[in-house]
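The analysis underlying the following values was restricted to heavy atoms, covering all of them including side chains, and did not include hydrogens, waters or symmetry mates. Reminder, nothing fancy here: chain letters follow the sequence lines and each chain counts from 1.
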Protein chains: 2
Amino acid sequence: MNPLKISMIEDVDDIRNSVTKYISFHDEFEVQEVFSSIEDFQHHCALHPNFQADIILLDIGLPGMSGLEGISHILERLPDVDIIMLTTYEEEEVILKALCTGACSYISKKASLKQIVEAMRIVSKGGSYMSPSIAREIVNHLLGGPKQEQNSLTERQNQILKALSDGKSYRVISEELFISVETVRSHIKKLYRQLQVNNKAEAISLYLQGKIK
Amino acid sequence: MNPLKISMIEDVDDIRNSVTKYISFHDEFEVQEVFSSIEDFQHHCALHPNFQADIILLDIGLPGMSGLEGISHILERLPDVDIIMLTTYEEEEVILKALCTGACSYISKKASLKQIVEAMRIVSKGGSYMSPSIAREIVNHLLGGPKQEQNSLTERQNQILKALSDGKSYRVISEELFISVETVRSHIKKLYRQLQVNNKAEAISLYLQGKIK
DNA sequence: TGATTACTCACCCTTTAGGGTGATTGCATA
DNA sequence: TATGCAATCACCCTAAAGGGTGAGTAATCA
């Protein structure tokens, strides 16, 4: 099997050197090009249309365009490349932005060289490497964030709100719950007041964004 | 430091025995109680109001109430417990459901005992253990999922759908866009057909779940 | 050039939604 | 025991939503 082609975009010399040197000890990888900025990378791509890479190690704090902004530009040129973000920040917002934009792994620079190589192995097999603390940030995000206080509704109100989200009419809901349409309306009026909204659309938005219960 | 209190909810004897035995070799952990179902766990909690646990290993495929459903019940009793899901499935939907409901890690039963212990260590330090393949699933989810073909709407239709999601009426939308209410209606009728829905609620659900664009 | 499509608007109609007020029952709890 | 509250239902009203049909303009594309 051919060695995987690795490129790196990182402006700090020390990190560049130590990482590339360490990677070069592994036969399964081959460090190809090292760039000091996204612009540098773009310039190289313009000059070498056939340039390919399997994995790109991308620093998030670059001079000029940031690594975060760079992700989409890289994927434009190399749609199939796996991007591993290297970063000193572990802030939820930045991490999620990177992952949503197309990076597939996210490693702290505090990680050992061994961990970086481990991440490359995982990524090349179609996985995603995430350090535990970063994984936890993501779980927190999936939970909708720990801070926002949740509006809480009664069982019945929740039942009805769920049905509304499914696009059911008051009449249908009343039939499903074996109660009168008027009762359904009554519940809905109350829950609108509690959620401080005035119509279905807003209530559904809150519900689907997990801001309720 | 006191050993961490571990409980397990798992119906298969073999797995129960091998996991608890392996954990017992580690002084930092102390296997407390082992349950064979959520109902079993609830029953125990009812009898022992002071029951505590730091980490719960939870099988997803349980008789009676599933592990997935069980998460919220467990968190009701033990709001601060860390839940590690044990599973044979690696389907995106199930995984995300579990993580969104409050599980903080998700391990395949194919994982080694060593990995399970490693996960417990990470979780106890406030991290989240995720196997690479599961981490990738989550990244895919954050990306909006690669497989689901996106319903694509025109600029105008998107604009209007966004406004609908915000709870704006046809009249308000027409004023904001400087067009007639009839035109707004016309766009909405078309986009309902394209999305194969019949009302606002369903359209908004699709929109907010990112199944559009 | 002729077809397609997005965007615009109009008029017909019925159903649904939403706000207000008020009443009854039953349960829980102060 | 009284007070509160969830849940049930009723009647008043207006506004909004939704379905059908048809039609004109401008841009794009084969």
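Side-chain nitrogen and oxygen atoms of Thr183(B) include at least one within less than 4.0 Å of the OP1 or OP2 phosphate oxygen of dC9(C). Residue Tyr192(B) has no polar side-chain atom (N or O) positioned under 4.0 Å from OP1 or OP2 of dG19(D). His187(A) has a side-chain polar atom (N or O) that falls below the 4.0 Å cut-off from OP1 or OP2 of dT8(D). In this structure, Asn198(B) does not reach the dG18(D) phosphate: none of its side-chain N or O atoms is under 4.0 Å from OP1 or OP2. A sub-4.0 Å separation between OP1 or OP2 of dC7(C) and a side-chain N or O of Thr154(B) is present. Between dA17(C) and Asn199(A), no contact under 4.0 Å exists linking OP1 or OP2 to a side-chain N or O.
The nearest whole Å value for the distance from the CD1 atom in Ile188(B) to the P atom in dT8(C) is 12 Å. The nearest whole Å value for the distance from the NZ atom in Lys200(A) to the C1' atom in dA17(D) is 8 Å. Whole-Å rounding puts the Leu191(B) CG to dA17(D) P distance at 13 Å. In this structure, Leu164(A) places its CG atom 15 Å from P of dA17(D), rounding to the nearest Å. Taking atom CG of residue Leu161(B) and atom C1' of nucleotide dA6(C), one finds them 17 Å apart after rounding to whole Å. The nearest whole Å value for the distance from the NZ atom in Lys168(A) to the P atom in dA17(D) is 22 Å.
Using modelled atom types, no side-chain atom of His43(B) and backbone atom of Glu39(B) make a donor-acceptor pair closer than 3.5 Å.
Remark: Ser124(B) engages no residue in a side-chain hydrogen bond (donor to acceptor under 3.5 Å, both in side chains) (not counting sequence neighbours). Legend: residues meeting salt bridge (Lys or Arg N to Asp or Glu O under 4.0 Å) with Glu28(B), ordered by chain and number and at least two apart, are Arg121(B). Applying the side chain to side chain contact (heavy atoms under 4.5 Å, CB included) test to Thr154(A) and every residue at least two apart in sequence or in another chain returns Arg156(A), Gln157(A). When the side-chain hydrogen bond (donor to acceptor under 3.5 Å, both in side chains) test is applied to Glu202(A), the partners found at least two apart in sequence or on another chain are Asn199(A). With sequence neighbours left out, the salt bridge (Lys or Arg N to Asp or Glu O under 4.0 Å) criterion links Lys162(A) to Asp166(A).
Shortest non-hydrogen contact noted between Pro3(B) and Phe29(B) is CB-C, 4.1 Å. Considering every non-hydrogen atom in both Ile179(A) and Thr183(A), the closest pair reads CD1-CG2, 4.0 Å. Contact between Ser36(B) and Asp11(B) at its shortest, heavy atoms only, is O-CB, 3.5 Å.
Legend: salt bridge (Lys or Arg N to Asp or Glu O under 4.0 Å) pairs involving residues 171-198 of chain A, not counting sequence neighbours, sorted by first then second residue: Lys168(A)-Glu176(A), Arg171(A)-Glu175(A), Glu182(A)-Arg185(A). The stretch residues 12-24 of chain B participates, sequence neighbours left out, in these salt bridge (Lys or Arg N to Asp or Glu O under 4.0 Å) pairs: Asp13(B)-Arg16(B).
Among the nucleotides dA17(D), dT8(D), dA17(C), the one closest to any side-chain atom of Arg156(A) is dT8(D).
Overall, the helix from dT1(C)-dA30(D) to dA30(C)-dT1(D) carries an axis bend of 60° between its ends, with five pairs at each end and the value rounded to 10°.
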Could you run through nucleotides 22-29 of chain C and give me one letter per nucleotide, 5' to 3': B if any protein heavy atom sits under 4.0 Å from the base, S if only the sugar-phosphate is that close, - if neither? --------

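Put simply, the side chain of Ile204(A) reaches to within 4.5 Å of the side chain of Ser205(B), judged on heavy atoms.
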Please list every donor-acceptor pair under 3.5 Å in which a side-chain atom of residues 50-60 of chain A meets a protein atom from a residue at least two apart or in another chain.
unit_1: Asp54(A); atom_1: OD2; unit_2: Lys5(A); atom_2: N; d: 2.7
unit_1: Asp59(A); atom_1: OD1; unit_2: Gly61(A); atom_2: N; d: 3.3
unit_1: Asp59(A); atom_1: OD1; unit_2: Lys109(A); atom_2: NZ; d: 3.0

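Atoms CG and CZ, from Leu75(B) and Arg77(B) in turn, are 12.5 Å apart once rounded to the nearest 0.5 Å.
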Identify the pairs formed between an N or O of the protein and an N or O of nucleotides 11-14 of chain C at a distance under 3.5 Å, and give each distance.
unit_1: dC11(C); atom_1: N4; unit_2: Glu182(B); atom_2: OE1; d: 2.8

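Using a 4.0 Å cut-off on heavy atoms, the residues of residues 170-181 of chain B that approach DNA chain C are Ile179(B), Ser180(B), listed by number.
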